[in-house]
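The next block holds one structure in the form of structure tokens; read it before the comments.
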2 protein chains.
Amino acid sequence: MVDKKIPDIIIGRLPKYLRSLQRMDREGRLVTSSKEMGERLGISAAQIRKDLSQFGEFGKQGKGYSVPFLIKQLSEILHVNHDWEVAVVGAGDIGSAVAHYKGFANRGFKIVLLFDNDPQRIGTRIGELTIQDYSLLIETIQEKGIKIAIVAVPVTSAQEVTDNLVKAGVKAILSYAPVIINHPQDVYVQYIDPSIHLQRMTYYLD
Amino acid sequence: MVDKKIPDIIIGRLPKYLRSLQRMDREGRLVTSSKEMGERLGISAAQIRKDLSQFGEFGKQGKGYSVPFLIKQLSEILHVNHDWEVAVVGAGDIGSAVAHYKGFANRGFKIVLLFDNDPQRIGTRIGELTIQDYSLLIETIQEKGIKIAIVAVPVTSAQEVTDNLVKAGVKAILSYAPVIINHPQDVYVQYIDPSIHLQRMTYYLD
DNA sequence: CATTGTGAACGGGTTCACAGCA
DNA sequence: TGCTGTGAACCCGTTCACAATG
């Protein structure tokens with residue numbers, strides 16, 4: 001294995017492999033194969049083998065892959081073998097749902113901060129988090145050294161919030177605002193926009 | 001323009017083009033170019049031109065594209081020139097946030113039904129919707145002829161809910177449950193899983 | 001002997017570059 | 001002149017097919 005540049009499209013599949021493996025693990029499966037993983041994921045077995053082979057020889061010929069071992073390897077590759085602290089900006093409906101979300105457990109993330117600029121909300125609690133004043137965003141995030149943030153604010157504020165997150169040293173942003181955000185090249189941004197997914201499907205509906 | 005099979009990867013970009021154009025429209029822009037769209041979207045101008053040319057000749061040489069005209073064309077192509085009625089299953093944190101979400105307006109979708117199986121929730125209201133009994137899911141959806149549903153239930157129920165939606169005649173499903181769902185070929189499924197996005201970024205973080 | 005790892009072949013999506021046209 | 005539409009070239013990801021091997 002050479003540590004050449006891995007195409008981003010492969011990186012994008014690894015979390016799906018990991019999620020599938022963790023599910024197998026919960027089902028008590030100890031070993032799997034590229035064929036089985038492919039069937040579960042709707043991906044060809046050859047592609048899974050080739051993707052994994054970019055990072056090492058994780059399988060055993062004739063046997064397949066050890067589920068716990070592959071989980072360990074993928075977790076390390078994706079840097080989710082330890083939890084990342086995450087800040088959430090916006091405590092409206094989406095921010096609250098994100099703050100309550102149980103799905104980050106065992107996936108490498110823990111929400112530790114929740115910000116809002118509404119005086120009515122600041123100081124109130126959502127789950128185990130107390131809503132912080134947005135005006136303290138930069139200093140608080142800097143202080144804690146947080147590198148990942150989730151943006152759950154209206155379209156109109158998304159750019160300003162992003163700018164402040166970047167100033168605070170955040171390097172990865174997941175935004176629920178349906179707008180493309182300008183950001184430095186060394187900051188990674190991903191988007192969640194349900195309408196995009198729905199429109200992608202309505203093309204095929206009559 | 002021949003109505004040959006359009007690659008799905010192109011279909012996936014059209015909603016992004018449409019969202020960007022609607023934003024320009026709100027900004028009062030009347031005309032744009034493939035260059036400008038590309039810069040906003042982080043996509044090459046050539047690709048945008050080639051994508052659009054699959055469906056017709058929408059531009060004017062030397063001038064560019066009319067923003068309102070292109071919005072109209074893309075809306076028709078994606079079948080979002082009229083609103084689709086959407087059912088939401090699950091009225092927990094995610095389902096509630098989806099039900100409250102304003103971002104479907106002008107994107108072609110209107111949530112008209114919200115189901116849950118918790119007797120405590122059934123009959124209560126979320127926004128303008130009254131939570132319906134999940135046991136009435138199939139007949140209600142059939143009756144209304146709803147073709148699109150959003151699944152916001154725990155992983156453990158996602159498959160069963162999907163099976164019932166399919167029975168009810170739903171053809172497009174957007175699922176927030178972090179698990180791959182089995183479904184007939186003539187039913188389209190898309191997923192939203194924030195952990196997948198985050199893990200895709202942590203690969204690049206130290 | 002089932003299944004991996006992988007070079008080679010393949011296929012298709014992206015970019016290039018320019019003719020065409022307002 | 002400026003920008004679209006598009007055939008051709010290019011590039012890169014996927015699939016193929018089989019040697020390797022526990």
Side-chain angles (χ1 to χ4, degrees), chain A residues 1-18 20-21 24 29-74 77 200 203, chain B residues 1-18 20-21 24 29-74 77 200 203:
Chain A
M1 158 200 176
V2 196
D3 91 328
K4 60 167 180 264
K5 169 78 176 155
I6 309 284
D8 183 64
I9 196 164
I10 292 181
I11 305 306
R13 284 191 291 265
L14 300 186
K16 299 178 185 177
Y17 299 165
L18 180 54
S20 181
L21 287 160
M24 287 184 195
R29 304 289 315 286
L30 293 176
V31 176
T32 185
S33 66
S34 59
K35 182 164 175 290
E36 184 188 33
M37 286 179 68
E39 284 167 357
R40 291 201 180 209
L41 291 162
I43 293 177
S44 80
Q47 179 158 83
I48 290 172
R49 290 202 301 279
K50 180 141 274 199
D51 284 353
L52 295 177
S53 74
Q54 303 293 312
F55 302 94
E57 305 196 354
F58 300 143
K60 286 190 172 59
Q61 281 130 329
K63 300 285 276 179
Y65 299 90
S66 155
V67 172
F69 178 72
L70 199 46
I71 288 174
K72 184 164 172 292
Q73 293 299 317
L74 286 175
I77 291 165
R200 186 175 189 154
Y203 170 79
Chain B
M1 160 196 174
V2 195
D3 91 329
K4 60 165 181 267
K5 168 77 176 152
I6 310 282
D8 182 64
I9 195 163
I10 292 182
I11 305 306
R13 283 191 292 265
L14 300 186
K16 299 178 185 177
Y17 299 166
L18 179 54
S20 181
L21 287 160
M24 288 185 195
R29 304 290 314 286
L30 293 175
V31 175
T32 185
S33 65
S34 58
K35 182 164 174 289
E36 185 189 32
M37 287 180 67
E39 284 167 358
R40 290 200 180 212
L41 292 162
I43 293 177
S44 80
Q47 179 158 81
I48 290 172
R49 291 202 301 280
K50 181 141 273 197
D51 284 354
L52 295 176
S53 74
Q54 303 293 311
F55 302 94
E57 306 196 353
F58 300 143
K60 286 190 172 59
Q61 281 128 332
K63 300 284 274 178
Y65 300 91
S66 155
V67 171
F69 178 72
L70 199 46
I71 288 174
K72 183 164 172 292
Q73 293 298 317
L74 285 176
I77 291 164
R200 187 175 188 155
Y203 170 78

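What you see below is based on every heavy atom in this structure, not just the backbone, and it leaves out hydrogens, waters and symmetry mates.
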* Atom pair OH (Tyr17(B)) and CD (Gln47(B)), whose distance is rounded to the nearest 0.5 Å ->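 Interatomic distance, Tyr17(B) OH to Gln47(B) CD, rounded to 0.5 Å: 5.0 Å.
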
* To do: To the nearest 0.5 angstrom, please state how far the OG atom of Ser33(B) sits from the CD atom of Glu39(B).
  =>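 So the gap between those two atoms works out to 7.5 Å.
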
* Sequence neighbours excluded, which residues qualify as salt bridge (Lys or Arg N to Asp or Glu O under 4.0 Å) partners of Arg49(A)? ->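 Testing Arg49(A) for salt bridge (Lys or Arg N to Asp or Glu O under 4.0 Å), a comparison that skips the adjacent residues, returns none.
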
* Asked: Got a sec, which residues hit salt bridge (Lys or Arg N to Asp or Glu O under 4.0 Å) with Glu57(A), two or more places apart in sequence or on another chain?
  ->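 Counting only residues at least two positions away or on another chain, Glu57(A) forms no salt bridge (Lys or Arg N to Asp or Glu O under 4.0 Å).
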
Whole Å only: how far is the [atom1] atom of [X] from the [atom2] atom of [N]?
{"X": "Phe55(B)", "N": "dG5(D)", "atom1": "CZ", "atom2": "P", "value": "13 Å"}
{"X": "Gln54(A)", "N": "dC12(D)", "atom1": "CD", "atom2": "P", "value": "14 Å"}
{"X": "Asp51(B)", "N": "dT4(D)", "atom1": "CG", "atom2": "P", "value": "14 Å"}
{"X": "Ile48(B)", "N": "dT4(D)", "atom1": "CD1", "atom2": "P", "value": "10 Å"}
{"X": "Ile10(A)", "N": "dC12(D)", "atom1": "CD1", "atom2": "C1'", "value": "11 Å"}
{"X": "Tyr17(B)", "N": "dT4(D)", "atom1": "OH", "atom2": "C1'", "value": "15 Å"}
{"X": "Lys50(A)", "N": "dA17(D)", "atom1": "NZ", "atom2": "P", "value": "14 Å"}
{"X": "Ile11(A)", "N": "dC12(D)", "atom1": "CD1", "atom2": "P", "value": "16 Å"}

Is any side-chain heavy atom of [X] closer than 4.5 Å to a side-chain heavy atom of [Y]?
{"X": "Arg200(A)", "Y": "Asp8(B)", "value": "yes"}
{"X": "Asp51(A)", "Y": "Ile6(A)", "value": "no"}
{"X": "Met37(B)", "Y": "Ile43(B)", "value": "no"}
{"X": "Leu74(A)", "Y": "Leu52(A)", "value": "yes"}
{"X": "Ile48(B)", "Y": "Leu41(B)", "value": "yes"}
{"X": "Tyr203(A)", "Y": "Ile10(B)", "value": "no"}

* In residues 32-44 of chain A, which ones come under 4.0 Å of DNA chain D, going by heavy atoms? ->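 Ser44(A) - these, ordered by number, are the residues of the stretch whose heavy atoms sit under 4.0 Å from the strand.
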
Would you be so kind as to tabulate the donor-acceptor pairs closer than 3.5 Å made by side chains of residues 59-72 of chain B, with sequence neighbours excluded?
| unit_1 | atom_1 | unit_2 | atom_2 | d |
| --- | --- | --- | --- | --- |
| Ser66(B) | OG | Phe69(B) | N | 3.2 |
| Lys72(B) | NZ | Glu76(B) | OE2 | 3.4 |

* Hey, which of these two, Asp8(A) or Leu52(B), hits DNA chain D nearer its 5' end, going by closest nucleotide? ->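 First, find each residue's nearest nucleotide; the 5'-ward one identifies Leu52(B).
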
Table of protein N/O atoms under 3.5 Å from nucleotides 18-22 of chain D N/O atoms:
| unit_1 | atom_1 | unit_2 | atom_2 | d |
| --- | --- | --- | --- | --- |
| dA20(D) | N3 | Gln61(A) | NE2 | 3.3 |
| dT21(D) | O4' | Gln61(A) | OE1 | 3.1 |

* **Terminal contacting nucleotides, 5' and 3', DNA chain C versus chain A (heavy atom, 4.0 Å)** =>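 Taking any atom under 4.0 Å from a heavy atom of chain A, the span is dA2(C) to dA8(C).
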
